[in-house]
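Worksheet: one structure, shown below.
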There are 2 protein chains.
Amino acid sequence: MELDERKRTILHAIVRNYLETGEPVGSRTISKMADMALSSATIRNEMADLEEMGLILQPHTSAGRIPSDLGYRVYVDEMLQRHEAEGEQSRSLQTDEHVSLEDREQALQDREERLLDREAKLEKLLKQVARMLATDTNYASMISAPMVRRNKLKFIQISRVDVSTLLVTVVVEGNVIKNRMIPVADVLDDETLLKLNILLNTRLGGLSAEEINLGLIAAIKQEGGKHSELITSVIDAAAEAITEDEDLQIYTSGANNIFRYPELADKENASGLITTFENKQDLTSLVESTLEGEASEPGTGIQVYIGGESPVQSMKDCSVVTATYELGEGMRGTVGVIGPKRMDYDKVIGALKKMMRALDDLYKKT
Amino acid sequence: MELDERKRTILHAIVRNYLETGEPVGSRTISKMADMALSSATIRNEMADLEEMGLILQPHTSAGRIPSDLGYRVYVDEMLQRHEAEGEQSRSLQTDEHVSLEDREQALQDREERLLDREAKLEKLLKQVARMLATDTNYASMISAPMVRRNKLKFIQISRVDVSTLLVTVVVEGNVIKNRMIPVADVLDDETLLKLNILLNTRLGGLSAEEINLGLIAAIKQEGGKHSELITSVIDAAAEAITEDEDLQIYTSGANNIFRYPELADKENASGLITTFENKQDLTSLVESTLEGEASEPGTGIQVYIGGESPVQSMKDCSVVTATYELGEGMRGTVGVIGPKRMDYDKVIGALKKMMRALDDLYKKT
DNA sequence: TATTAGCACTCGATTCGAGTGAGTGCTAAC
DNA sequence: GTTAGCACTCACTCGAATCGAGTGCTAATA
């Protein structure tokens, strides 16, 4: 059977109505709609067809129809196409409605703030983005910290904080900074310290994790003479700073919003979702899946997972809309909104696009 | 009316039974208990008295009794006294059952790990503690990062990472480290850098936030000559590191456990609690209240908030058991367990005490 | 005088059945 | 191909009946 124009219209009507009311929609409701010149009986026939095609379903015999996952799918796909088309258009028109982050932009006005130690301030930004998305949409939101490429050592410094303590500061590519304190028994004079610093920087600067092998370490130790033990500690710290695959930071917000939607608020669902939001662990699959999808088919960058399509088990009754954001320098992360399957996809996609544009601008203005 | 021995026994029986079953307990249930040689009628009379005294109440006329908040209070108070007594005993006996953190202790065996950059590793420890408490008790848990006293500058260092970037590293009392990157237009040679470092350390080292006033800053700037702009930046960073009243970090775990207890799992309650756990903001009042309470009456360090006693509005149907932990050096924080009013206080208090002992040992072994 | 047996009573919870209404599928007429 | 009409389904609501755990009170008992 074919999904002709009329069936498509009816499907749309059903989906839209269901998104609004959250209740199964009957044939009479549809036939009474303004631009619908058909009787309920006709609608019923078409509905029967749509059901046969797996696009809608009945909760029980004497109820109206609700969209099936597949039904949502065709609805969303069409919407995405429309958004994409619009996107092309607006890109040439250059709308300037991205005001929401303006206070942040303000904060970033002075040059110093901008190049700041990423770890600290980025976290605040991400939390803010998550919160804004959640409050804007009334759904739950998540955002992953961008994956930073950082496998090259940029700078090492040993300094003496007090007589018995040394501080090792390591800067790696991407301006990620790691500190480590090392207690020492024997006091080192300034000269030795300076020598060690020069030695370490000349030998290790610019190297990646793979390049720092045992041979090299041994060589440096030899050069360092009696301070080999200290050198080991320092290189250790450096290695940790480079390799440490810090478990993908993810921030969430608005978890409580799930209670707004009865279909998610029952104990079973709520408990599972809350656990997912708390552990964050499970959300990584969502991040990965989004990045993959984006790579394989780079479109607007928006992806929608309906029900079971989501890689996260506990979200089988939810829909997830994700996007990939970029903060320049190839730092990419994933941001997403999680809500009931009958979420307002249009609004959510709009909010995400707006947010991504804001993030884009934020770092483009550097 | 007086709370004589028999009334007390009956009250205990009611509370204990209610903690177990979660259902109102009737006179017959009590009279049938092993060590109870009274008829249900007598129990009923006593119950009427207890109700008059405000220690128990009836959900409705034809139901059994449940403990009132006041009833819980006397129950818990007695338990706390008992615990305190036991505590005295076990302190001289020196039991050695604190095994739960042993893997962590293992990790801290090698000396280096121990003095490590607190920020990073402490966070993991705290998260682990929270999770362990939550899984041990099946309630929700929270832990606040210890408040560090850090108002004295210990060490400042400016170093050149690359031609256009300087790195300022500030260490303050308590070995908290702050980094900040500063972009510079004009290149600084090593000598100037060294001079600046010495200048800053001699003038600022050991000073507290109050002591770094505008006059001093002006004086330093003058000494620094043409690098006054840079000096401003550095002092800025230092000041930030000292004062920054970083909004009291709090970690939570096991929020989903609230769904185990029907009296907390209804939408209203659950939504409120989840929001509280997510924002963490509201939990600060709990931390403060605990520290205050601890200060005014230093006992076992355990405090119990029953229902409305808790300073957190959303927890009016919960009980909260908190404790103050200490990681040496006067670094104190608060750890707590949040559950239904009918929580197993004994188990929770036990778990908290055990955890505190483990934390104590962890840092005493330094 | 304190305790207990007995009894009427209360009231939430559960069950049952009737009634309601939104919605369907099918058939026959247009 | 569309529509009016009709019998049918089934979740939902509501009130009545029943159940039973538990109470308070009274009178008898040790």
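Since this is a predicted model, take the numbers as computed values, not measurements.
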What pairs of donor and acceptor atoms, side-chain ones from residues 313-321 of chain B against any protein atom, are under 3.5 angstrom apart with sequence neighbours left out?
from: B:S314; atom 1: OG; to: B:T276; atom 2: OG1; distance (Å): 2.6
from: B:D317; atom 1: OD2; to: B:N269; atom 2: ND2; distance (Å): 3.3
from: B:S319; atom 1: OG; to: B:Y345; atom 2: OH; distance (Å): 2.7

To the nearest Å, give me how far apart CD1 (B:I43) and P (C:dA2) are. 16 Å
According to salt bridge (Lys or Arg N to Asp or Glu O under 4.0 Å), who are the partners of A:R131, at least two apart in sequence or on a separate chain? none
State which residues pass salt bridge (Lys or Arg N to Asp or Glu O under 4.0 Å) with B:R44; sequence neighbours excluded, sorted by chain then number. none
Between the two end axes of the helix from C:dT1-D:dA30 to C:dC30-D:dG1, each built from 5 base pairs, what angle do you get to the nearest 10°? 20°
B:E46 CD to C:dT3 C1', in whole Å, measures 11 Å
Quick one: side-chain hydrogen bond (donor to acceptor under 3.5 Å, both in side chains) pairs with a partner in residues 53-67 of chain B, sequence neighbours left out? B:E51-B:R65
Send over the distance from B:L38 CG to D:dT29 P, rounded to a whole Å. 20 Å
Minimum heavy-atom distance between A:V337 and A:Y139, given as atom pair plus value: CG1-CB, 3.6 Å
Would you please name every residue forming a salt bridge (Lys or Arg N to Asp or Glu O under 4.0 Å) with B:E268, sequence neighbours left out? none
With a cut-off of 3.5 Å and sequence neighbours excluded, list every side-chain donor-acceptor pair involving residues 13-23 of chain B.
from: B:T21; atom 1: OG1; to: B:N17; atom 2: O; distance (Å): 3.1
from: B:T21; atom 1: OG1; to: B:E23; atom 2: N; distance (Å): 3.1
from: B:T21; atom 1: OG1; to: B:E23; atom 2: O; distance (Å): 3.4

For B:D346, side chain to side chain contact (heavy atoms under 4.5 Å, CB included) partners two or more places apart: B:M79, B:R82, B:H83, B:D344
Once base and sugar-phosphate atoms are separated, protein heavy atoms under 4.0 Å mark nucleotides 11-26 of chain C, 5' to 3', with B, S and - as BS---------BSBBB
For C:dT4, does OP1 or OP2 lie under 4.0 Å from any side-chain N or O of B:T42? yes
